[in-house]
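Here's the structure, in C-alpha cells; my notes come after.
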Amino acid sequence: MTTRFDACMSAPFGRLGIRVADGHVVRIEYLPPGDELLAPRDAVSRETCRQLARYLDDPQATFDLPLRPGGSPFRQRVWEALTRIPAGEVLTYGELAQQLGTVARPVGGACGANPIPPVVPCHRVISASGLGGFMGRTDGHPMQVKQWLLAHEGVAL
DNA sequence: ATCAGGTCTCAAG
DNA sequence: CTTGAGACCTGAT
C-alpha cells in the first residue's frame with residue numbers, strides 16, 4: 001500500500017486509518033480487518049483515535065477536531081451540511097441537495113470525495129430508493145461499514 | 001472550452 | 001423490473 005497513516009486503530013468493522021498534517025486531520029479511511037495497526041504518532045492523532053473510539057462506543061458522541069478540508073467550496077459546503085445531521089437521522093441525496101440549492105448527483109459526488117469519514121457523516125445520506133450505492137457498488141467492505149454505522153446509530157433499514 | 005463520469009431521481013414502457 | 005433523460009459539479013483532455 002502506498003498510503004501512510006499517522007495512526008491506525010481497530011474498529012468493529014475493520015480498521016480506521018488516520019492521516020495528520022500540520023496539526024490537522026486531513027484524511028481518515030476505512031480499512032479492512034487485518035490491516036496493520038499503528039500507534040498514534042502525535043497528539044492530534046491520539047486525540048482523533050480517542051474521539052473515534054468514543055463514537056464507536058456511543059453513536060451520540062460528537063467530534064471536536066481540527067480538520068483541514070481540501071476540495072472545492074461547493075464540497076466544503078456539502079460536508080458542513082453533513083456535520084449538521086443529527087446521529088440516527090438520515091437524509092436522501094435529493095433532500096440534502098434541495099437545502100443546498102442543487103441536485104442529487106453533485107451531492108453524491110461530494111459525498112464520495114469526503115476525505116474524513118465518519119467525522120463527516122456521509123453514511124447518513126442514502127438514496128431515495130434504499131441504501132443507495134457506494135463507490136459504484138452495492139456490496140464490498142465500505143458498504144458493510146456504512147451499514148454497520150447506520151445500525152450503530154439505530155437507523156432501521 | 002469540451003467531455004465523461006459520479007454513493008441520483010423520476011417518469012415511462 | 002429495465003430504460004432513458006434530466007440535472008449539476010469535478011477532474012482530465
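Values below: every heavy atom of this structure, side chains too, minus hydrogens, waters and symmetry copies. Every value quoted in this text rests on a predicted model; they were computed, and no experiment measured them. The sequence lines fix the lettering, A, B, ..., with proteins before strands; numbering per chain opens at 1.
His141(A) contributes a side-chain N or O that, together with a main-chain N or O of Phe13(A), makes up a donor-acceptor pair within less than 3.5 Å. No side-chain donor-acceptor contact under 3.5 Å links Asp22(A) to the backbone of His24(A). Counting only distance, with no hydrogens or angles, the side chain of Arg54(A) and the backbone of Thr62(A) share a donor-acceptor pair below 3.5 Å. No donor-acceptor pair closer than 3.5 Å links the side chain of His123(A) to the backbone N or O of Trp148(A).
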Assess whether side-chain contact (heavy atoms from CB on, under 4.5 Å) is satisfied between Gln144(A) and Phe134(A), documenting all intermediate values. CA-CA 10 Å; Gln144(A) 293 177 11; Phe134(A) 203 93; over 6 Å; no

### Query
Could you walk me through whether Gln51(A) and Glu47(A) pass the side chain to side chain donor-acceptor pair (under 3.5 Å) check?
CA-CA 6 Å; Gln51(A) 295 193 23; Glu47(A) 179 64 15; 2.8 Å; yes

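dG13(B) and dC1(C) make up a base pair, with Watson-Crick or G-U wobble contacts both under 3.5 Å.
Applying a 4.0 Å cut-off to non-hydrogen atoms, the residues of residues 74-91 of chain A that approach DNA chain C are Phe74(A), Arg75(A), listed by residue number.
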B/S/- along nucleotides 8-13 of chain B (protein heavy atoms under 4.0 Å) is BS----

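Between Gln99(A) and Glu95(A), every side-chain heavy-atom pair lies at or beyond the 4.5 Å cut-off.
Taking atom CD on Gln98(A) and atom P on dA7(C), their separation rounds to 16 Å, with Å as the unit. The distance from atom CZ of Phe134(A) to atom C1' of dG6(B) is 13 Å, rounded to the nearest whole Å.
Between Phe63(A) and Tyr55(A), the two ring planes are tilted [angle within 30° to 60°].
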